Number of protein chains: 2
Amino acid sequence: MGNLEAPDCSIQASLDVLGDRWTILILRDAFRGVRRFEDFRKDLDIARPVLTERLKRLVDRGVLVRQLYCERPPRYEYRLTEMGMALSPALVALMRWGDRWLSDGDAPTVLVHDSCGHPLDQQFVCWECDETFTQYDIASRPGPGASAVT
Amino acid sequence: MGNLEAPDCSIQASLDVLGDRWTILILRDAFRGVRRFEDFRKDLDIARPVLTERLKRLVDRGVLVRQLYCERPPRYEYRLTEMGMALSPALVALMRWGDRWLSDGDAPTVLVHDSCGHPLDQQFVCWECDETFTQYDIASRPGPGASAVT
DNA sequence: GTAGGTCAGTTCTGATTCAGAACCAAGTCG
DNA sequence: CGACTTGGTTCTGAATCAGAACTGACCTAC
C-alpha cells in the first residue's frame, strides 16, 4: 500500500504482513507441517526469488523462525512462532468460507476437535453472557488506540 | 496464481477471490458501511482502474451486489451479499491478530457483543462435546472432496 | 443557459513486482 | 571424479499497479 502512515486499522496492519499473493499460502503450508525451502517451493510452485523474499519477511516480522536443523551442510527450516500459530483462526475462517461458498459441498479437508474427532465450528463468544453468536450480533466501537477524530 | 488446476485447498480457493493487495480492504470498508465507488476510492486511496476491476470481480464472484440506488443520474452501490457477510469470521480473525501482535496493545477498534456491549472472543467450538477450544486442539483429516492420492 | 461540480468510471504512461530460467556454492553420494 | 540435493542469487521479459488525465451523464447556482 502506498501510504506511509501507520495503519489506523488492525486489518490493514495484518495485511501489511500477510497481504500479498503468496504469504498466506506459505503459512498454510507451514501449518500443514512444511518447513523447508524446497518443500515450500515445490508445493506452491512459487518462483525462488519470491519465496526467498517472503520467508525473509515473515522471519523479520516474527511470524516464522529460521532454525538450523543440520550443521553440515548448514540447512535451515522455517517454523511457525507463537505469533504465527496465532493466525490459525484466520486461516480456518478462510478455509471454511471456501468450503462453504466456493466448493460444491465437498471440502477437501475437514478440521476436527482433536480429542473427539468431530468437526469443529468457529463462533464468536461473549464470556460475559457466556454464549456463542454469529456475525449478525456484532457491534464495533472505538478502542483505546483509536485516533482522536474519525 | 499461475496454476490452472482447480485448487485442492479451500484456502487457495478463497485466495483466488480475495488474495490481492486490495480486495480484503475493500471488503473491510464494505463491512464498515461503505457502499459507493467514490467512498471506497477516497478511503483506501486506491487507483480508480484497480478499484473498478476489484469491484467487478467481487460482483462476478457473488461477494458483492451492484444495486441501482438512484435512477437519474444512474448511480450504483456495492453491498455485501450473504456470501460476503460470511467473510466476517475471517476479517475478525485478521483484525484480532493485528490487535494482538502488531499493535502496542491499543486496538483502534473493539468488537463487542451487540446485545450486551462486552468485547467478543473468537473460538473454535465442538458441538459434540459442547465446549470451546483453541488452535492447539485442532486436527485435520481428508474430507469428501479430497483427491484420491495425496 | 452556461459554468462548475459530482459520481462513476476509462484510457494512457511509467514504476513495481513477478515469473521463469540460469547460475552458484556447499556438501553428499556412488 | 561427476552427479545430485538444498538453499539460495542474478538476470530478463511479462504482468500488474499507481497516478494522472480524460469522459460522460447528470445536477445546481448564477
Side-chain angles (χ1 to χ4, degrees), chain A residues 1-5 7 12 15-30 33-61 63-80, chain B residues 1-5 7 12 15-30 33-61 63-80:
Chain A
M1 324 305 135
N3 51 350
L4 301 171
E5 320 114 43
Q12 185 160 10
L15 292 177
D16 281 349
V17 179
L18 312 171
D20 70 291
R21 264 204 290 304
W22 291 110
T23 301
I24 291 181
L25 290 174
I26 291 170
L27 292 170
R28 177 207 61 180
D29 273 15
V34 175
R35 302 219 166 89
R36 283 142 75 157
F37 188 92
E38 270 304 300
D39 294 339
F40 284 111
R41 205 199 56 77
K42 280 179 203 146
D43 188 65
L44 298 172
D45 197 25
I46 181 178
R48 287 164 184 280
V50 179
L51 179 57
T52 303
E53 202 276 322
R54 290 300 176 277
L55 289 172
K56 208 167 277 167
R57 156 189 284 247
L58 286 170
V59 169
D60 285 351
R61 304 303 190 92
V63 180
L64 297 177
V65 261
R66 185 160 175 270
Q67 264 178 3
L68 198 69
Y69 72 90
C70 174
E71 296 263 346
R72 316 191 63 74
R75 290 287 140 75
Y76 296 90
E77 61 181 13
Y78 298 87
R79 285 172 168 272
L80 290 164
Chain B
M1 323 300 143
N3 52 349
L4 300 171
E5 318 115 43
Q12 185 161 7
L15 292 177
D16 281 349
V17 179
L18 312 171
D20 70 291
R21 266 204 288 304
W22 290 111
T23 300
I24 290 180
L25 290 173
I26 291 170
L27 292 170
R28 176 206 63 181
D29 273 15
V34 175
R35 303 220 166 89
R36 283 142 75 157
F37 188 92
E38 269 305 297
D39 294 339
F40 284 111
R41 206 200 54 76
K42 280 179 202 144
D43 188 66
L44 297 173
D45 197 25
I46 181 178
R48 287 163 183 282
V50 178
L51 179 57
T52 303
E53 201 277 322
R54 291 300 177 275
L55 289 173
K56 207 166 278 168
R57 158 188 285 248
L58 287 170
V59 170
D60 286 350
R61 304 301 190 95
V63 180
L64 298 178
V65 260
R66 187 162 175 266
Q67 265 178 2
L68 198 69
Y69 72 90
C70 174
E71 296 261 345
R72 314 189 64 73
R75 289 286 141 77
Y76 297 90
E77 61 181 14
Y78 297 87
R79 286 172 168 270
L80 290 165

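Proteins come first, then strands; the chains are lettered A, B, ... in the order of their sequence lines, and each starts at number 1. From a predicted model like this one, the values you see are computed outputs, not experimental measurements.
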Could you check if a side-chain atom of Phe40(A) sits within less than 4.5 angstrom of a side-chain atom of Ile26(A), using non-hydrogen atoms only?
yes
Glu53(B) and Arg48(B) ion-paired at < 4.0 Å:
no
Are any of Arg54(A)'s side-chain N or O atoms less than 4.0 Å away from OP1 or OP2 of dC18(C)?
yes
Rounded to whole Å, how long is the line connecting atom CZ of Arg48(A) with atom C1' of dG20(C)?
11 Å
Can you figure out which of dT6(D), dC7(C), dG20(C) approaches the side chain of Arg75(B) most closely?
dC7(C)
Salt-bridge test for Arg21(A) and Asp20(B): reply yes if a basic N is under 4.0 Å from a carboxylate O, no otherwise.
no
Tell me whether the OP1 or OP2 atom of dC18(C) has a side-chain N or O from Trp22(A) closer than 4.0 Å.
no
For atom CG of Leu68(A) and atom P of dG27(C), their distance in whole Å:
12 Å
For dG9(C) and Tyr78(B) - does any side-chain N or O of the residue sit under 4.0 Å from the phosphate oxygens OP1/OP2?
yes
Rounded interatomic separation in angstrom, taking CG from Asp39(B) and C1' from dT6(C):
12 Å
Side chain proximity check, Leu68(B) to Arg75(B), heavy atoms < 4.5 angstrom
no
For Ala47(B) and Arg66(A), take the nucleotide of DNA chain D holding the closest heavy atom to each; which residue's nucleotide lies nearer the 5' end?
Arg66(A)
Would one find a side-chain N or O of Tyr69(B) under 4.0 angstrom from OP1 or OP2 of dA8(C)?
yes
In this structure, how many angstroms lie between the P atom of dG8(D) and the OH atom of Tyr76(A), rounded?
9 Å
How is Arg41(A) classified with respect to the nucleic acid when contacts are heavy atoms under 4.0 Å: base, sugar-phosphate, or nothing?
nothing
Which nucleotide in the list dG9(C), dC12(C), dC11(D) gets nearest to the side chain of Thr52(B)?
dG9(C)
Is the shortest heavy-atom distance from the side chain of Tyr69(A) to the side chain of Arg36(A) under 4.5 Å?
yes
Output the single nucleotide from dT10(C), dG7(D), dT11(C) whose closest atom is nearest the side chain of Glu38(A).
dG7(D)
Round to the nearest Å and state the distance from Arg36(A) atom CZ to dG8(D) atom P.
12 Å
Counting side-chain heavy atoms from C-beta on, which of dG9(C), dA19(C), dG8(D) comes nearest to Val50(A)?
dA19(C)
Looking at Lys42(A), I'd like to know whether one of its side-chain N or O atoms comes within less than 4.0 Å of OP1 or OP2 on dT6(D).
yes
Mind calculating the distance between CD (Glu53(B)) and P (dC17(D)) to the nearest angstrom?
7 Å
Whole-Å gap separating C1' (dC18(C)) and CZ (Arg57(A)):
14 Å
Rounded to whole angstrom units, what separation is found between the CG atom of Asp20(B) and the P atom of dT16(D)?
11 Å
